[in-house]
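I have placed the structure first, in the form of structure tokens, so that the comments after it can refer back to it.
Just so it is clear, the structure is predicted and the values come from calculations on it, not from any experiment. All ligand and atom numbering here is 1-based and tracks the order in the structure.
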Amino acid sequence: MQPLEQQSAEDFRDTPHGRQLLEGFRGLLFAPDLEREFRRYLGRQARFAQVLGACLLLIVVAGYHYVEWQLYAESDPQWLRELALLRLVEAAPGVAIVVMTLFNWRIRLVANRLFPLLLVLVGIVAARIDIHYEVTQTELAFRYGAGLLIVCSFFFLGITFWRALISAASIIVIDILMAALILSSSEMQVHWIAVSYYLLLLAIGAISRYIHEYSQREQFLVRQLLGWVAQHDSLTGLANRRSFDTALRQTLLQARRDRQPLALILLDLDNFKAYNDSLGHPAGDALIRDFGELLGRFSRRPMDLAARVGGEEFALLLLNCDASSAQAIAAQLLSAFAERAIPHPASAQSACATTSIGIAMWRPGQTAEQLYQAADAALYQAKQAGKNRYVLQ
Ligand SMILES: Nc1nc2c(ncn2[C@@H]2O[C@H](COP(=O)(O)OP(=O)(O)OP(=O)(O)O)[C@@H](O)[C@H]2O)c(=O)[nH]1
């Protein structure tokens, strides 16, 4: 017996999120489109932490510099001057994030690219200060800034695992190179202790982040899948009644605003009860699925919508489609369905399964409900007139 979530994902193999859930993501990477979507989601989730982190960075840098000012104003003014510049560079990313938030710029769009660079920049500065305090044997808390940044790269900032790992590793590599340039060989011996401590932080950060991001990705896929389930019909994968109703209202507003023609086409399989009764419910389901797949092919433009609005009732909503185009589409649908030649042993009209179609064009002043009723009335007329045809209201 498969676990429940595996079974559910199996049901949604046709959706990108369901497929990804089934295929897994051990390398912490999705297919390109999903990966972009996930990064935006991660950025949205991390927004509060990013701003909080930026404010904390500013407070900590200001606090450090205040203490350093007290300590070195008289004893080492040259180091203090150098420090002022270094601390300014450290504070810059915090200022940038706060400013971006104030002006409502979307941090999440740049977070995954920009933050690793900023982290490495601040990491270089922190490592430079750390090395100085190491040489002068200053036992201050802010001697460990680079270590703190290595931990930060894995958490809070909304950076994905691989970029965080590269940022943290870059900080360590740059620290080693800088130390090799600045320190004597005996001082370098001591510095390796700091490096081993950084490597330990990197290992702990990377393992925890990997586990955390794995579950974040899983959660993201399940959430998106739930959203998809709420809007789609499980048998055909077309939009369900709820999302059709929403789309109808929105499209009608757009048609009114842009003065574009809007066609609503309703379709109802003919003698479907008899089909079910003679061939069984599973065969009926298969016919619905088959027809849904066919209808989906007629929703070609981005604003077109094909939906299953009832048991064996379907709808096609076409913005910027006039009456003659709508009729042409209805005629194409009838012949495409006839070409499939699905045997219907209990139909009075034809040896094969057929459908009736009602078309209504939106008229200014008409509400969504009135437009639907008009298409439904046309569908009724098509049924009354002998089925397997379309009627334009
Ligand atoms: N297999 C299957 N049958 C369904 C589903 N939803 C509704 N039905 C059946 O569809 C049938 C609809 O029957 P009617 O409304 O009488 O329509 P009809 O037999 O197609 O008659 P006309 O529309 O006049 O041609 C009912 O028997 C429902 O049980 C479904 O998801 N799967």
Side-chain angles (χ1 to χ4, degrees), residues 7-8 10-15 18 225-226 228-248 263-299 305-317 326-327 329-360 369 371-393:
Q7 268 182 16
S8 321
E10 197 64 60
D11 289 343
F12 300 107
R13 185 175 268 289
D14 291 342
T15 69
L225 209 51
L226 281 176
W228 192 91
V229 169
Q231 292 179 342
H232 291 80
D233 163 50
S234 58
L235 194 58
T236 59
L238 298 179
N240 62 15
R241 179 67 196 246
R242 191 211 313 238
S243 53
F244 169 77
D245 285 345
T246 310
L248 179 60
L264 173 60
I265 302 179
L266 288 187
L267 312 98
D268 186 297
L269 294 175
D270 295 328
N271 310 306
F272 190 63
K273 185 175 182 322
Y275 188 88
N276 255 344
D277 292 346
S278 59
L279 297 175
H281 206 82
D285 280 359
L287 181 60
I288 289 176
R289 220 178 286 125
D290 204 7
F291 186 73
E293 189 269 324
L294 176 71
L295 189 66
R297 289 167 186 260
F298 282 80
S299 155
L305 181 79
R308 182 180 175 209
V309 291
E312 21 72 90
E313 293 160 36
F314 297 83
L316 193 57
L317 187 61
Q327 289 180 90
I329 287 170
Q332 283 166 20
L333 257 162
L334 288 175
S335 62
F337 196 32
E339 269 170 32
R340 292 206 170 183
I342 301 165
H344 190 324
S347 168
Q349 276 75 37
S350 157
C352 296
T354 56
T355 183
S356 297
I357 302 178
I359 308 169
E369 287 72 24
L371 176 62
Y372 194 92
Q373 280 163 12
D376 204 31
L379 176 61
Y380 180 76
Q381 286 170 27
K383 292 272 182 193
Q384 292 298 306
K387 305 182 182 177
N388 191 22
R389 69 196 60 219
Y390 68 83
V391 167
L392 171 69
Q393 175 70 298

Can you tell me if CZ on Phe298 sees more than 12 non-hydrogen neighbours from other groups inside 6.0 Å? yes
Assess whether atom CZ of Arg241 is packed by more than 12 heavy atoms of other residues, nucleotides or ligands within 6.0 Å. yes
By the salt bridge (Lys or Arg N to Asp or Glu O under 4.0 Å) test, which pairs, at least two apart or in different chains, include something from residues 265-276? Asp268-Lys383, Asp270-Lys383, Lys273-Asp277
The ring-ring contact (aromatic ring centres under 6.0 Å, His included) partners of Phe291 (sequence neighbours excluded) come to Phe314, Phe337
With distance as the sole test, does Asn240 use its side chain to make a donor-acceptor pair with the main-chain N or O of Ser243 at under 3.5 Å? yes
Mind jotting down which residue pairs meet the salt bridge (Lys or Arg N to Asp or Glu O under 4.0 Å) criterion with at least one end in residues 334-354? Sequence neighbours excluded, please. Asp290-Arg340, Glu293-Arg340
Ligand 1: protein residues within heavy-atom distance under 4.0 Å: Asp268, Leu269, Asp270, Asn271, Phe272, Lys273, Asn276, His281, Gly284, Asp285, Ile288, Arg308, Gly311, Glu312, Lys383, Lys387
